[in-house]
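Protein chains get the first letters and strands the later ones, always in sequence-line order, with residue 1 at the start of each.
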Protein chains: 2
Amino acid sequence: MAAPETRDTIITAADRLFYERGFEHTSFADVAGIVGISRGNFYYHFKTKDQILDAVIERRLADRRAMLDQWTSEGLTPKQRIASFIRILLVNEAKIRAHGCPIGTLFSELSKLDHSGEDGARRLFDLFRIWLRQQFHKIGRRHDADDLAMHILARSQGVATLANAYPDEAFLENEVSLMLAWLDAIRATDDT
Amino acid sequence: MAAPETRDTIITAADRLFYERGFEHTSFADVAGIVGISRGNFYYHFKTKDQILDAVIERRLADRRAMLDQWTSEGLTPKQRIASFIRILLVNEAKIRAHGCPIGTLFSELSKLDHSGEDGARRLFDLFRIWLRQQFHKIGRRHDADDLAMHILARSQGVATLANAYPDEAFLENEVSLMLAWLDAIRATDDT
DNA sequence: GTCTATACCTGGATAGAC
DNA sequence: GTCTATCCAGGTATAGAC
């Protein structure tokens, strides 16, 4: 039963390196070095680099899904749940300043590679988009729930990008406050 | 006098490919193929790949600077100038849907490579940030001009990222409308 | 399941002829 | 200024021993 453990360790290491250095810039040697196995052994667990990417995306999907599920089952109101989403920027502040958003930067990279994994990365956006849409729907914003979801997703992405470009400034905290204020001002009435 | 032309053509081709495929994923052979020269000839014009990157960044800086200078000298009000900035998203809509923001995606990539060019890419953000700050300052927002500049920069970045992820949706136009409405509501009074 | 050794290719970079 | 030929490093992937 040692194999699954190694496989898991590889995914964890690859997940980290893909985030910190990017997918293409990360080599098998890099991952193998961290895991402490030989490059040859790698191919016992993953046939190609794309397979590791797929596994990393699945891992990220599972992680995020678990997080959203927890918020959903915690007895929070929909608004409080959306606030939790916004506060991800604060919880992961140090990493975002250093490497940007793990979802946004991965998508951006794969998009340029015209890589098939682009679809996988988009599923990460979809996960949040659909979940956010549901929350806005519950608030009563039935007609523009998706627009609001996309709006808050975009704001988060932009904040992550600029926080990465200007990591030593108070910008990130300021913007989170603005987003929470925006959320607070949301009323249970549709635009139309 | 043929040399400068070739050099210029190389920069133009590299600029396009770095945007469409990313810096690292673009090879000398790719650029040479478009320009129509041999790989060897390349090194007469640029000693290293980093030198091409520097030239591309300088080119982008000059292009954007010229655009901002034009708006500044066109007799527009500061608000109208900021609106012009926001409408970049519409002017370049097709490209943004296909490849994201040329500045944001370049920065994101170089950031992960811990590349020295990261500083160059940040200068592109700085160019817009300082210019936007000046416009908000002229409106009368002396105390939070920089915050407002960063806010609109971040919004633009986020919109570009998500428009790239969901290119076939009306999202981009919706968000531009929201940003213009936000701008319209700005009053000449400081927060403090 | 893990190792070493190695094949093979791509891509950056150099040398030197024209 | 442009070319061809070539070197070399790094990276994916395979073969086969242990």
Side-chain angles (χ1 to χ4, degrees), chain A residues 1-57 59 106 109-110 112-118 120, chain B residues 1-59 106 109-110 112-118 120-121:
Chain A
M1 277 304 232
E5 289 174 22
T6 301
R7 198 189 136 90
D8 246 42
T9 316
I10 290 175
I11 297 175
T12 303
D15 189 7
R16 200 187 102 200
L17 289 181
F18 288 177
Y19 179 36
E20 293 177 359
R21 307 183 188 179
F23 169 66
E24 207 180 12
H25 194 57
T26 299
S27 73
F28 282 18
D30 293 334
V31 183
I34 288 187
V35 176
I37 63 173
S38 71
R39 264 176 307 163
N41 186 11
F42 227 102
Y43 289 83
Y44 174 80
H45 301 281
F46 298 96
K47 301 274 181 293
T48 68
K49 197 179 180 182
D50 283 358
Q51 283 190 5
I52 305 181
L53 176 61
D54 288 341
V56 166
I57 290 176
R59 165 73 65 88
L106 179 67
E109 181 182 0
L110 297 182
K112 293 212 188 289
L113 304 185
D114 82 330
H115 200 281
S116 62
E118 180 183 341
Chain B
M1 278 303 235
E5 288 173 24
T6 301
R7 197 189 137 91
D8 246 42
T9 317
I10 291 175
I11 297 175
T12 303
D15 189 8
R16 198 186 103 199
L17 290 181
F18 288 176
Y19 178 35
E20 293 176 0
R21 309 183 188 178
F23 169 67
E24 207 179 12
H25 194 56
T26 300
S27 71
F28 281 19
D30 293 333
V31 183
I34 288 188
V35 176
I37 62 173
S38 71
R39 264 176 307 162
N41 187 9
F42 229 102
Y43 290 83
Y44 174 78
H45 301 281
F46 296 97
K47 302 274 181 294
T48 69
K49 197 179 181 183
D50 284 359
Q51 283 189 5
I52 305 180
L53 176 61
D54 287 342
V56 167
I57 291 176
E58 290 304 323
R59 165 75 64 89
L106 178 66
E109 180 183 2
L110 297 182
K112 292 212 188 291
L113 305 185
D114 83 329
H115 200 282
S116 61
E118 180 184 340

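- If you measure from atom OH of B:Y43 to atom C1' of C:dA13, you get 4 Å, rounded to the nearest angstrom.
- A sub-4.0 Å separation between OP1 or OP2 of D:dT2 and a side-chain N or O of B:T6 is present.
- When distances are taken from the side chain of A:Y44 to each of C:dG1, D:dT2, D:dT14, the shortest belongs to C:dG1.
- Counting to the nearest Å, the P atom of D:dT2 and the CD atom of B:E5 are 9 Å from each other.
- A:F42 and A:A32 make their closest contact through CE1-N, 3.7 Å (heavy atoms, listed as atom of the first residue, atom of the second, distance).
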Could you walk me through whether B:N41 and B:V35 satisfy the side chain to side chain contact (heavy atoms under 4.5 Å, CB included) test, starting with their C-alpha distance in whole Å, then the side-chain angles of each, then the deciding distance to 0.1 Å, before giving a yes or no? CA-CA 11 Å; B:N41 187 9; B:V35 176; over 6 Å; no
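- In this structure, CD of B:E24 is placed 9 Å from P of D:dG11, rounded to the nearest angstrom.
- No donor-acceptor pair closer than 3.5 Å links the side chain of B:E109 to the backbone N or O of B:G22.
- Rounded to an integer number of Å, the gap from CZ of B:F46 to P of D:dG1 is 13 Å.
- Of the two residues near DNA chain D, A:G40 and A:D30, the one whose nearest nucleotide lies more 5' is A:D30.
- Contacts of A:S38 with the nucleic acid, taken as non-hydrogen atoms under 4.0 Å apart, include base atoms.
- Checked options A:I37, A:D15, A:V56; the residue passing with A:I10 is A:I37 (criterion: side chain to side chain contact (heavy atoms under 4.5 Å, CB included)).
- Between D:dG1 and B:N41, no contact under 4.0 Å exists linking OP1 or OP2 to a side-chain N or O.
- Summarising the geometry, the separation between NZ on A:K47 and P on D:dA15 is reported as 12 Å, rounded to the nearest angstrom.
- Regarding contacts with the backbone of C:dT2, a side-chain N or O of A:H45 is found under 4.0 angstrom from either OP1 or OP2.
- Using a 4.0 Å heavy-atom cutoff across all strands shown, B:F28 reaches sugar-phosphate atoms only and no base atom.
- Rounded to an integer number of Å, the gap from NZ of A:K49 to P of D:dG10 is 15 Å.
- Within a 6.0 Å sphere centred on CZ of B:R59, heavy atoms belonging to other residues, nucleotides or ligands number more than 12.
- Rounding to whole angstrom units, CZ of residue B:R39 and C1' of D:dT2 are separated by 14 Å.
- Nearest nucleotide to the side chain of A:I37, out of C:dG12, C:dC3, D:dA13: C:dC3.
- Atom P of nucleotide C:dG12 and atom NE2 of A:H25 are separated by 13 Å, given to the nearest angstrom.
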